[in-house]
Undergrad: 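This is the structure I want to talk about, given as structure tokens.
All values reported here derive from a predicted model rather than from experimental measurement. Just so you know, these numbers use all the heavy atoms, side chains as well, and skip hydrogens, waters and symmetry mates.
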Amino acid sequence: MHRRIIAPGALAAASLLLAIPASAASFSPGAPGIGDPYYPAYGNGGYDVSHYDLRLRYQPATDELEGTATILARTTQDLSRFDLDFLLDVSEVRVNGAKAAFATSGQHELEITPKTPLPKGTPVTVVVRYSGVPSAKSAYGFSTWHRTPDGAVAADEPEAAWWWFPSNDHPLDKATYDVSVAVPDGTQAISNGILQSTSSRLGWTRWNWRENKPQATYLATLAVGRFDITTSTSDGGVPVVNAYSEDLGDNDGAARASVERTGELVDWLSGYFGPYPFASAGGYVPNTTTGFALETQTRVYYSPRQFANGSNTSVVVHELAHQWYGDSVSVEGWKDIWLNEGFARYAQWLWSEHEGEGTTRELADYVYASHPADDPFWTVAPGDPGPDHQFSAAVYDRGAMAVQALREEVGDDAFFAILKGWPQEHAYGNASVADFRAYAERVSGKSLSALFDTWLFEPSKPAAPAARDASLARPSAAVAQPKSWKKIAATNDVH
């Protein structure tokens with residue numbers, strides 16, 4: 001019999017290994033990106049957020065923002081470390097009550113190492129204390145924090161959160177929000193959802209907003225300045241809150257004449273898309289020079305430039321349509337942007353038809369004839385346009401033509417059933433173009449692969465339907481421009 005001699009140090013090491021749970025080896029850092037090929041560093045892996053509680057203090061004169069973000073989440077893996085997307089200066093991080101180590105990396109990564117690793121399925125409360133001057137921060141050479149003469153606005157796509165709160169910044173991780181903002185008396189703070197309360201103390205007024213339905217991070221907005229706030233209720237019972245900067249100048253009347261129709265337009269869109277999915281609606285028009293509009297959930301952001309040539313209800317229709325197509329049902333990945341923009345543009349076409357300014361078919365024919373076969377317009381595939389063409393005209397206009405082609409393929413009964421049923425099928429969730437095609441096939445009973453390939457994925461001009469081939473083959477000047485076209489084209493910079 002041969003006795004194996006084990007050194008004392010080896011015995012101690014073996015005992016230590018036996019004391020460590022077998023699962024400990026599986027703890028690893030969460031990915032620094034959620035996995036979107038368009039934006040590999042956006043979002044993060046390893047956890048899922050359910051709620052953001054943001055308690056902020058903002059000084060418009062100096063653009064100084066102080067905040068405490070409390071983030072409720074649950075781990076989706078055995079987690080040793082995780083990231084948040086953020087740019088401001090962090091002073092403290094706590095995870096489940098205990099101080100956590102933190103560091104920054106990359107363009108916008110806040111790396112957090114909890115005191116003890118977090119097993120998969122663990123509820124997590126993350127508290128981040130921070131401060132900074134958002135306008136002094138940039139990532140990838142740009143900023144989405146827009147200074148105004150009397151404050152600032154956070155609104156942009158596909159990113160905006162990094163400048164004002166730490167987050168898991170991708171539409172796949174939607175959450176509810178409480179946003180509480182203290183600003184100097186006489187200044188207003190606008191955000192998403194319902195205004196719960198305001199209170200004043202020692203020269204500061206605190207505005208408390210709540211969005212109680214899941215919301216993508218880029219749809220969260222903050223606007224601070226001097227606003228005139230109006231309230232109303234639509235015939236359908238939807239509370240409406242609108243806000244207008246006090247220094248809009250010549251654009252003030254046109255902005256109000258457009259945005260004050262929000263309640264009417266929400267009710268009208270409900271006839272096509274089903275019940276309005278949120279507890280409030282509205283919009284705000286700050287004194288910015290950005291030029292775009294954005295479907296920030298329940299409280300749409302409009303640039304004054306949208307109304308420089310007069311009132312434009314078409315842009316309001318576009319952004320309100322997104323409340324169903326883009327906000328309630330959000331993209332699974334940014335390549336699925338057609339589900340947002342193609343349908344919001346088609347809503348504008350429906351409004352044109354409603355107003356007697358051009359039918360959806362007339363608009364589709366006009367766009368088709370306006371772009372010859374060698375126009376680069378046709379090389380963009382709305383079903384997967386790539387990050388450089390995510391907001392190109394083709395995603396909107398060819399995207400809307402694809403919706404019209406679907407309508408003609410399946411017939412009006414099935415088409416309008418699809419249009420209304422889709423937002424209810426995936427309410428408050430995420431979906432892809434492939435999911436939509438499967439849904440449309442199920443409702444219509446037709447195979448739609450060829451139609452989707454032709455209109456959404458092939459980098460060439462589709463053949464015109466035989467019935468209209470002769471007229472559409474003529475130069476665009478021969479196809480009458482619908483009366484609504486100029487107002488629709490004026491919204492090409494919107495999101």
Side-chain angles (χ1 to χ4, degrees), residues 56-65 133-137 142-157 160 163-164 179 181-193 195 198 200 203-209 220-232 240-263 280-296 298-316 318-320 487 490-491 493-495:
L56 312 174
R57 180 183 174 99
Y58 180 69
Q59 175 53 263
T62 58
D63 196 39
E64 293 176 282
L65 178 68
V133 177
S135 60
K137 301 292 186 178
F142 65 83
S143 172
T144 66
W145 182 263
H146 313 292
R147 287 286 271 145
T148 63
D150 54 10
V153 171
D156 221 316
E157 183 182 9
W163 284 263
W164 66 290
V179 178
V181 191
V183 294
D185 287 348
T187 300
Q188 288 75 40
I190 309 297
S191 192
N192 311 84
L195 181 63
T198 59
S200 296
W204 291 79
T205 300
R206 182 165 289 281
W207 298 71
N208 300 297
W209 295 89
T221 193
L222 174 65
V224 175
R226 293 182 179 273
F227 291 96
D228 175 35
I229 299 175
T230 68
T231 61
S232 61
V240 178
V241 178
N242 295 321
Y244 307 90
S245 179
E246 292 183 355
D247 56 355
L248 290 178
D250 290 345
N251 293 323
D252 182 80
R256 291 173 186 264
S258 307
V259 179
E260 284 300 302
R261 296 184 69 179
T262 292
S280 71
Y284 69 95
V285 190
N287 189 8
T288 62
T289 58
T290 61
F292 66 85
L294 181 65
E295 65 269 20
T296 37
T298 72
R299 195 111 311 110
V300 173
Y301 164 77
Y302 299 99
S303 164
R305 196 183 305 176
Q306 296 296 324
F307 312 107
N309 295 318
S311 63
N312 191 345
T313 51
S314 187
V315 69
V316 181
H318 182 103
E319 301 306 335
L320 291 177
K487 287 187 177 181
T491 66
D493 290 333
V494 306
H495 290 303

Undergrad: Using only atom types and a distance under 3.5 Å, with no angle test, would you say the side chain of Arg299 pairs donor to acceptor with the backbone of Ser191?
TA: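 Checking the backbone N and O of Ser191 against the side chain of Arg299, a donor-acceptor pair under 3.5 Å is found.
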Undergrad: What is the minimum heavy-atom distance between Val315 and Ala293, and which atoms define it?
TA: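 Here Val315 and Ala293 meet closest at CG2-CB, 4.2 Å.
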Undergrad: What are the two closest heavy atoms between Ala254 and Gly310, and how far apart are they?
TA: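 Closest approach of Ala254 to Gly310: CB-C, 3.4 Å.
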Undergrad: Tell me whether Asn312 contacts the main-chain N or O of Lys487 through its side chain, where contact means a donor paired with an acceptor under 3.5 Å.
TA: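 Yes, the answer is positive, given that a donor and an acceptor are paired below the 3.5 Å cut-off.
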Undergrad: State the CH2-NE2 distance between Trp163 and His146, to the nearest 0.5 angstrom.
TA: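 Interatomic distance, Trp163 CH2 to His146 NE2, rounded to 0.5 Å: 9.0 Å.
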Undergrad: What's the verdict on side chain to side chain contact (heavy atoms under 4.5 Å, CB included) for Val179 and Asn192, showing C-alpha distance, side-chain angles and the deciding distance?
TA: CA-CA 8 Å; Val179 178; Asn192 311 84; 5.6 Å; no
Undergrad: Considering all heavy atoms of both residues, which atom of Ser280 and which atom of Gly193 are nearest to each other, and what is their separation?
TA: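 So the minimum-distance heavy-atom pair works out to OG-O, 2.9 Å.
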Undergrad: Which heavy atom of Thr288 sits nearest a heavy atom of Pro304, and at what distance?
TA: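 Closest approach of Thr288 to Pro304, heavy atoms only: O-CD, 3.4 Å.
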Undergrad: Are any non-hydrogen side-chain atoms of Thr187 and Val224 less than 4.5 angstrom apart?
TA: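 When only atoms from C-beta onward are counted, Val224 and Thr187 do touch, with a gap below 4.5 Å.
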Undergrad: Got a salt bridge between Asp493 and Arg305, using NZ or NE/NH1/NH2 to carboxylate O under 4.0 Å?
TA: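 So Asp493 does not pair with Arg305 through a salt bridge.
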Undergrad: Inspect the surroundings of CG in Asn309 and state if more than 12 heavy atoms from other residues, nucleotides or ligands are less than 6.0 Å away.
TA: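 For Asn309, atom CG is not crowded (no more than 12 foreign heavy atoms under 6.0 Å).
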Undergrad: Minimum heavy-atom separation for Asn251 and Phe307, please, with both atom names.
TA: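 Heavy-atom minimum between the residues: OD1-O, 3.6 Å.
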Undergrad: Quick one about Thr290 and Tyr301 (side-chain donor to acceptor, distance below 3.5 Å, no hydrogens or angles considered), yes or no?
TA: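 Yes.
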Undergrad: Would you find a donor on one side and an acceptor on the other, under 3.5 Å apart, between the side chain of Asn242 and the backbone of Gly283?
TA: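 Answer holds: yes.
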Undergrad: Could you tell me the separation between the CZ atom of Arg226 and the OG1 atom of Thr148, rounded to the nearest 0.5 Å?
TA: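 Reported value, rounded in 0.5 Å steps: 11.0 Å.
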Undergrad: Side chain to side chain donor-acceptor pair (under 3.5 Å) between Tyr284 and Thr221: does it pass, once the steps are laid out?
TA: CA-CA 10 Å; Tyr284 69 95; Thr221 193; 2.7 Å; yes
Undergrad: For Ser258 and Ser311, does a side-chain donor sit closer than 3.5 Å to a side-chain acceptor?
TA: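 The answer is no; no qualifying pair exists.
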Undergrad: On a heavy-atom basis, which atom in Trp207 and which in Thr198 lie closest, and how many Å separate them?
TA: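 Distance-wise, the nearest heavy atoms are CE3-CG2, 3.6 Å.
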Undergrad: Run the side chain to side chain contact (heavy atoms under 4.5 Å, CB included) test on Leu248 and Arg256 for me, step by step, so that the C-alpha distance in whole Å, both residues' side-chain angles and the decisive distance to 0.1 Å come before the verdict.
TA: CA-CA 10 Å; Leu248 290 178; Arg256 291 173 186 264; over 6 Å; no
Undergrad: Roughly how far, to the nearest 0.5 Å, is the OH atom of Tyr302 from the OG1 atom of Thr296?
TA: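 One finds 8.5 Å between OG1 of Thr296 and OH of Tyr302.
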Undergrad: Might you confirm whether atom CG of Asp185 has over 12 heavy atoms from other residues, nucleotides or ligands at distances under 6.0 Å?
TA: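 Enclosed.
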Undergrad: Has Glu295 got a side-chain atom pairing as donor or acceptor with Glu319's backbone, closer than 3.5 angstrom?
TA: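 Answer holds: no.
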Undergrad: How many angstroms lie between atom CG of Leu294 and atom OG of Ser303, to the nearest 0.5 angstrom?
TA: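 So the gap between those two atoms works out to 11.5 Å.
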Undergrad: Are any side-chain N or O atoms of Asn287 and backbone N or O atoms of Ser245, one a donor and one an acceptor, separated by less than 3.5 Å?
TA: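 Flag not set: sc Asn287 to bb Ser245 has no pair under 3.5 Å.
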Undergrad: I need the Ile229 CD1 to Tyr244 OH distance, nearest 0.5 Å.
TA: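 Taking CD1 in Ile229 and OH in Tyr244, the distance rounds to 11.5 Å.
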Undergrad: How far apart are the C-alpha atoms of Val133 and Lys137, what are their side-chain angles, what is the distance that settles it, and do they pass the side chain to side chain contact (heavy atoms under 4.5 Å, CB included) test?
TA: CA-CA 7 Å; Val133 177; Lys137 301 292 186 178; over 6 Å; no
Undergrad: If we ignore hydrogens and angles and just use 3.5 Å, is the side chain of Gln306 paired with the main-chain N or O of Gly291 as donor and acceptor?
TA: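 At least one qualifying donor-acceptor pair exists.
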Undergrad: Please check if any side-chain donor atom of Asp63 sits under 3.5 Å from a side-chain acceptor atom of Trp145, or the reverse.
TA: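 Note: Asp63 and Trp145 side chains meet the donor-acceptor criterion.
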Undergrad: Give a yes or no on whether the backbone of Thr205 and the side-chain of Ser200 come within a donor-acceptor separation of less than 3.5 Å.
TA: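 No; zero donor-acceptor contacts below 3.5 Å.
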Undergrad: What distance do Trp209 atom CH2 and Leu222 atom CG have between them, rounded to the nearest 0.5 Å?
TA: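 Result: 11.0 Å between the selected atoms.
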Undergrad: Give the C-alpha distance, both sets of side-chain angles, the deciding distance and a yes or no for side chain to side chain contact (heavy atoms under 4.5 Å, CB included) between Val241 and Leu195.
TA: CA-CA 9 Å; Val241 178; Leu195 181 63; over 6 Å; no
